[in-house]
Amino acid sequence: MTDQSNTDGPTGPAGVNPGRSRLSPRKRQRISRAIQYVVLAAAVVALVFFVNWDGLALNFAKMDVAEQAFPDVFLVALKNTIIYTVGGFVFGSLFGLLLALMRLSSVRPYRWIATVYIEIFRGLPALLIFLLILFLPLALPGFQVPGGTYGQGILGLTIVSAAYMAETLRAGLQAVPRGQTEAARSLGMSHSRAMVSVVIPQAVRIVIPPTTNQFVSLLKDSSLVLFLGVSGEYVELTKFGNDLASTTGNATPIMVVGLTYLLVTIPLGYLAGRLERRQGKGR
Amino acid sequence: MSHAVEIRDLHKSFGALEVLKGVDFTVDEGQVVCVIGPSGSGKSTLLRCVNLLEQPTKGTVIVGGVELTDPDVDLDAARRGLGMVFQSFNLFPHMTVLQNVMIAQRRVLRRGKAEAERVARANLEKVGVAAKCDDFPSQLSGGQQQRVAIARALAMDPRLMLFDEPTSALDPELVGDVLAVMRALADDGMTMLVVTHEMSFAREVADRVVFMDGGVIVEEGPPEQVIGRPQHTRTRSFLSRVLDPGHVGGETPGPGAPGEAPGATG
């Protein structure tokens with residue numbers, strides 16, 4: 001830097017101010033920023049003038065249509081979304097913990113089974129699982145998923161989330177230092193006692209932030225219940241919005257539903273971030 | 001008189017690397033034995049073989065008359081009588097100090113809550129951290145954590161205590177507190193097997209010092225002999241490096257370690 005200004009100075013055109021011929025980095029930065037603001041302003045102006053705001057508002061934010069969505073969007077749709085999500089999350093966590101322990105097992109076939117399950121269901125689109133669940137009664141005549149429609153939705157989400165939870169929990173279990181197990185064993189605890197009292201509680205703490213994110217993504221995946229052909233009291237948010245949008249011929253209900261999702265997902269996202277930071281400090 | 005610890009022809013390999021190449025030694029009831037030696041000499045592995053945290057490749061380990069290397073032995077039961085203190089403390093970070101000292105009493109010895117708490121408090125008192133009962137390990141200094149770890153082991157009423165470099169992870173000014181606790185324990189007649197780099201501790205507290213190098217015991221005997229008048233060249237060169245780290249060449253016995261000069265040339 002200093003070298004450059006030194007050599008630039010004398011070669012400049014008989015200047016009072018050496019280095020004036022070239023733009024200083026500070027000036028260059030200023031010009032660049034001015035250009036960015038101009039582009040932004042142009043884009044805003046273009047949006048205001050060329051977009052048909054009235055048409056958009058009529059289709060996406062029509063108040064009287066929005067009013068029809070209440071209060072069922074909360075009392076039925078959001079409630080069901082939460083039932084499907086929490087159900088899938090709870091069963092997925094339990095099944096996922098089992099898979100994680102199987103993956104770390106000393107019995108080789110257990111490791112194989114867990115690995116195969118995880119690889120398959122992490123690699124498949126969640127939608128595919130839901131479509132397959134629809135065919136379960138055909139494949140197994142007389143078989144009913146316990147819990148009816150709720151059961152089917154929760155089953156689908158459980159199958160998907162267990163695979164992800166298993167990997168998260170396995171990472172958590174392995175993140176607990178080996179010295180912890182050694183200390184527990186040296187005190188005379190059995191392997192399983194050490195797992196229950198010492199390793200699993202610490203692993204759970206380690207995986208709380210990633211698990212919160214998993215919950216958010218599961219909440220979004222619960223929209224796939226739509227494909228189970230649910231109706232009436234079983235609809236969750238997306239199905240609810242889609243149905244109302246069809247009957248009113250207007251997209252406003254989908255916007256309402258979208259805002260309802262955000263009402264839950266954004267605070268959860270912040271919560272996950274805070275937990276992550278707190279953990280970073282605590283350890 | 002039966003030995004508290006008896007080890008015969010102990011071998012341990014990690015893959016192709018043979019860490020212990022045939023170790024025989026014993027610890028008697030009430031004795032304090034310090035194991036010294038350069039890093040990688042196998043001394044920590046030897047200690048970890050005593051309570052079978054490491055499974056020996058070959059050889060016999062008998063502790064308190066029970067052969068731990070017998071595949072049918074109830075290791076969990078045997079380990080109850082063996083306290084172990086680790087270099088990195090290994091306290092359970094999700095429990096308070098008191099819970100750390102209580103958990104194994106409750107879950108392993110099946111002591112009632114009141115009794116476990118009484119024993120825990122008594123032992124925390126003994127190691128001088130009774131005031132920290134409700135703190136979490138992360139709130140304690142290294143020296144305090146290590147003393148809690150000692151209390152946690154003592155709460156199980158062990159017949160033998162194993163110490164794996166208990167002061168190596170500590171800031172120098174915190175070493176003294178931990179050594180004082182260990183010294184008091186030795187004075188109470190506890191049988192102790194200590195892997196350490198603290199030569200002054202070994203010299204003053206140990207009944208016997210074992211010098212290991214390259215996976216074998218090179219020299220053992222009373223501290224004044226092994227540390228004071230070492231017979232083997234390897235022992236001598238190790239001691240001169242430890243006692244006077246400033247003079248690796250070992251020409252002039254400088255004023256390095258306080259009061260520990262005579263080991264260098266004898």
Side-chain angles (χ1 to χ4, degrees), chain A residues 93-94 96-97 100-101 104-108 111 165 168-212 271-272 274-283, chain B residues 44 47-48 50-55 68 74-95 99-111 116 136-139 145-146 148-164 169:
Chain A
S93 301
L94 293 175
L97 179 62
L101 292 172
L104 299 171
S105 164
S106 53
V107 182
R108 201 169 293 181
R111 293 206 298 270
M165 287 299 287
T168 311
L169 286 168
R170 181 181 63 93
L173 288 170
Q174 286 180 325
V176 176
R178 235 186 90 193
Q180 292 290 311
T181 320
E182 290 182 349
R185 297 305 299 273
S186 79
L187 289 164
M189 291 189 200
S190 65
H191 176 75
S192 45
R193 173 43 70 190
M195 279 307 245
V196 170
S197 288
V198 174
V199 178
I200 291 177
Q202 291 185 60
V204 167
R205 262 156 239 240
I206 292 171
V207 302
I208 282 175
T211 306
T212 313
L271 182 70
R274 270 186 59 176
L275 290 170
E276 233 161 83
R277 252 169 288 138
R278 209 181 66 180
Q279 203 169 61
K281 257 186 277 174
R283 295 206 159 238
Chain B
S44 281
L47 193 79
R48 293 161 60 85
V50 173
N51 66 354
L52 256 73
L53 276 186
E54 298 293 355
Q55 180 74 44
L68 299 190
D74 182 355
L75 258 186
D76 296 333
R79 285 193 183 120
R80 275 170 225 167
L82 302 178
M84 180 148 185
V85 175
F86 299 84
Q87 180 178 346
S88 49
F89 328 138
N90 296 352
L91 293 179
F92 307 133
H94 59 301
M95 299 180 190
Q99 288 168 332
N100 261 281
V101 186
M102 284 172 66
I103 178 82
Q105 296 187 65
R106 301 267 288 130
R107 301 280 177 245
V108 177
L109 300 181
R110 305 259 159 224
R111 284 182 186 154
F136 283 89
S138 58
Q139 297 167 284
Q145 290 191 47
Q146 191 61 296
V148 172
I150 294 174
R152 179 175 69 177
L154 289 178
M156 303 295 284
D157 299 327
R159 298 185 312 276
L160 167 70
M161 286 285 288
L162 307 170
F163 291 87
D164 186 6

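The structure presented is a predicted model; accordingly, all values stated were derived computationally and were not measured.
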Point to revise | Minimum heavy-atom distance A:Gln180-B:Pro93, with the two atoms named | key: OE1-CD, 3.4 Å
Study note, to complete from the structure: So CD of A:Glu182 and CE of B:Met84: to nearest 0.5 Å the spacing works out to 7.0 Å
**Study point:** Within 6.0 Å of CZ in A:Arg111, more than 12 heavy atoms from elsewhere
**Key:** yes
Exercise for review: Under 4.5 Å heavy-atom distance to chain A, tell me which part of B:Gln99 shows up: side chain, backbone, both or neither.
Suggested key: neither
Check your understanding: With a 4.5 angstrom heavy-atom cut-off, which part of B:Leu162 approaches chain A: side chain, backbone, both or neither?
Key -> neither
Review point. From A:Ser190 OG over to B:Arg107 CZ, what is the distance, rounded to the nearest 0.5 angstrom?
Key: 11.5 Å
Practice item. Would you mind checking which part of B:Leu82 comes under 4.5 Å of any heavy atom in chain A, side chain (CB onward), backbone (N, CA, C, O), both or neither? Key: backbone
Exercise for review: Give the minimum heavy-atom separation between A:Val198 and B:His94, together with the two atoms involved.
Suggested key: O-CE1, 3.6 Å
Point to revise | chain A contact via B:Arg152 - which portion, at a heavy-atom distance below 4.5 Å | key: both
**Study point:** Heavy-atom contact with chain A under 4.5 Å, split by part of B:Phe92
**Key:** both
Point to revise | Closest approach of B:Asn90 to A:Ala183 (non-hydrogen atoms, all atoms of both residues) | key: O-CB, 3.5 Å
Exercise for review: Provide the closest heavy-atom pair for A:Ser197 versus B:Met95 in the form atom of the first, atom of the second, distance.
Suggested key: O-CE, 3.5 Å
Exercise for review: Before accepting this row, confirm whether a basic side-chain N of the pair B:Asp76/A:Arg193 lies closer than 4.0 Å to the acidic partner's carboxylate O.
Suggested key: no
Practice item. Heavy atoms only: give me the nearest B:Ala153-A:Leu187 pair and the separation to one decimal. Key: CA-CD2, 4.3 Å
Practice item. Take A:Arg185 and B:Leu75 through the test side-chain contact (heavy atoms from CB on, under 4.5 Å) and record every step on the way to the result. Key: CA-CA 9 Å; A:Arg185 297 305 299 273; B:Leu75 258 186; 5.7 Å; no
